[in-house]
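Accompanying notes for the structure given below.
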Amino acid sequence: GEDVEQSLFLSVREGDSSVINCTYTDSSSTYLYWYKQEPGAGLQLLTYIFSNMDMKQDQRLTVLLNKKDKHLSLRIADTQTGDSAIYFCAEISNTDKLIFGTGTRLQVFP
Amino acid sequence: DAGVIQSPRHEVTEMGQEVTLRCKPISGHDYLFWYRQTMMRGLELLIYFNNNVPIDDSGMPEDRFSAKMPNASFSTLKIQPSEPRDSAVYFCASSKGLRTEAFFGQGTRLTVV
């Protein structure tokens, strides 16, 4: 089946690290994505990871992939108030559809 | 390129009325997607096109929903007749390929009263 799950909310203090978790079901996914949605806007691609990688780092962002457990995480170092948004993980399903998770609302407080 | 352009940004309509949402994808993108976002169901893929041809419409909720792509630069999503449960934000996205980055429009917030 096609199912991508995330926790709904995460609240962190400015300057701390944020870790957003995601589990997916389709083991044939070749790419896994993290998208960011700011209030009143569409989704923007933040980063992606190819399924043969365990980790990808891009400035403050670190993506970890555990294929065995079908678990994907996004770590944001030194979280800023501007990082407050909804974060979606997504996978390409075996039917070639881009399936999104439920989204995690990240709130950063001073 | 101005990105994916959707219109209108907001639409309020009465139950039973026809609603048409519009999308202009990024030039050169071969894929166009329509998504619906609600609090209860998150982001759902309704339909997607490849080179103007509908490939998968299994996410279209019912016959009241229809989508067309008459040319590479324009697509519509129509709801006829609309119902209050259709209230949601509808996003259009386009991409060069299925596994490449999808670029989203700003969305149309539809309210059916």
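Not measured: the values here are computed from a predicted model. Chain A is the first sequence line, chain B the second, and so forth, proteins listed ahead of strands; every chain is numbered from 1.
Under a hydrophobic-cluster definition in which Ile, Leu, Val, Met, Phe, Trp and Tyr are linked whenever side-chain heavy atoms come within less than 4.5 Å, directly or via other members, L77(B) and F91(B) are assigned to different clusters. L10(A) and V63(A) fall within the same hydrophobic cluster, where Ile, Leu, Val, Met, Phe, Trp and Tyr residues are linked whenever their side-chain heavy atoms come under 4.5 Å apart, directly or through other members. Connection of V19(A) to M55(A) is not established within any shared hydrophobic cluster, with ILVMFWY side chains joined at heavy-atom distances below 4.5 Å, either directly or through further cluster members. Following chains of ILVMFWY side-chain contacts shorter than 4.5 Å, one cannot reach L32(B) starting from L98(B), and the two form parts of different hydrophobic clusters. In terms of hydrophobic clustering, with Ile, Leu, Val, Met, Phe, Trp and Tyr side chains grouped at heavy-atom distances under 4.5 Å, L64(A) and Y24(A) are assigned to different clusters.
Heavy atoms closer than 4.5 Å to chain B are found nowhere in Q44(A), neither backbone nor side chain. With a threshold of 4.5 angstrom between heavy atoms, Q37(B) approaches chain A through side-chain atoms but not through N, CA, C or O. No part of A93(B) comes within reach of chain A, as not one of its non-hydrogen atoms sits under 4.5 angstrom from that chain. For L45(B), the part lying near chain A is the side chain, with the backbone staying farther off; criterion is any non-hydrogen pair under 4.5 Å. Using a 4.5 Å cut-off between heavy atoms, Y35(B) contacts chain A through its side chain alone, with no backbone atom that close. With a threshold of 4.5 angstrom between heavy atoms, Y33(A) approaches chain B through side-chain atoms but not through N, CA, C or O.
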message = Is there a side-chain contact (heavy atoms from CB on, under 4.5 Å) between E101(B) and Y31(A)? Walk through the geometry before answering.
response = CA-CA 11 Å; E101(B) 179 179 358; Y31(A) 289 95; over 6 Å; no

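For residues 103-113 of chain B, the interface with chain A (any heavy-atom pair closer than 4.5 Å) comprises F104(B), G105(B), Q106(B), sorted by residue number. Chain A is approached within less than 4.5 Å, heavy atom to heavy atom, by D56(B), S58(B) from residues 50-73 of chain B, ordered by number.
Evaluation of the salt bridge (Lys or Arg N to Asp or Glu O under 4.0 Å) test over residues 25-49 of chain B, restricted to residues two or more places apart or in two chains, returns R36(B)-E44(B), R41(B)-E44(B).
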Result block: side-chain N/O donor-acceptor pairs under 3.5 angstrom for residues 98-110 of chain A, not counting sequence neighbours:
from: T102(A); atom 1: OG1; to: Q6(A); atom 2: O; distance (Å): 3.4
from: T104(A); atom 1: OG1; to: Q6(A); atom 2: NE2; distance (Å): 3.0
from: T104(A); atom 1: OG1; to: S7(A); atom 2: O; distance (Å): 2.5

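Residue-environment remark: CE (M15(B)) stays at or below the threshold of 12 foreign heavy atoms within 6.0 Å.
Nearest heavy-atom pair, L43(A) versus L43(B), reported as atom, atom and distance to 0.1 Å: CD2-CD2, 3.6 Å.
The backbone N or O of A102(B) sits less than 3.5 Å from a side-chain atom of Y35(A), completing a donor-acceptor pair.
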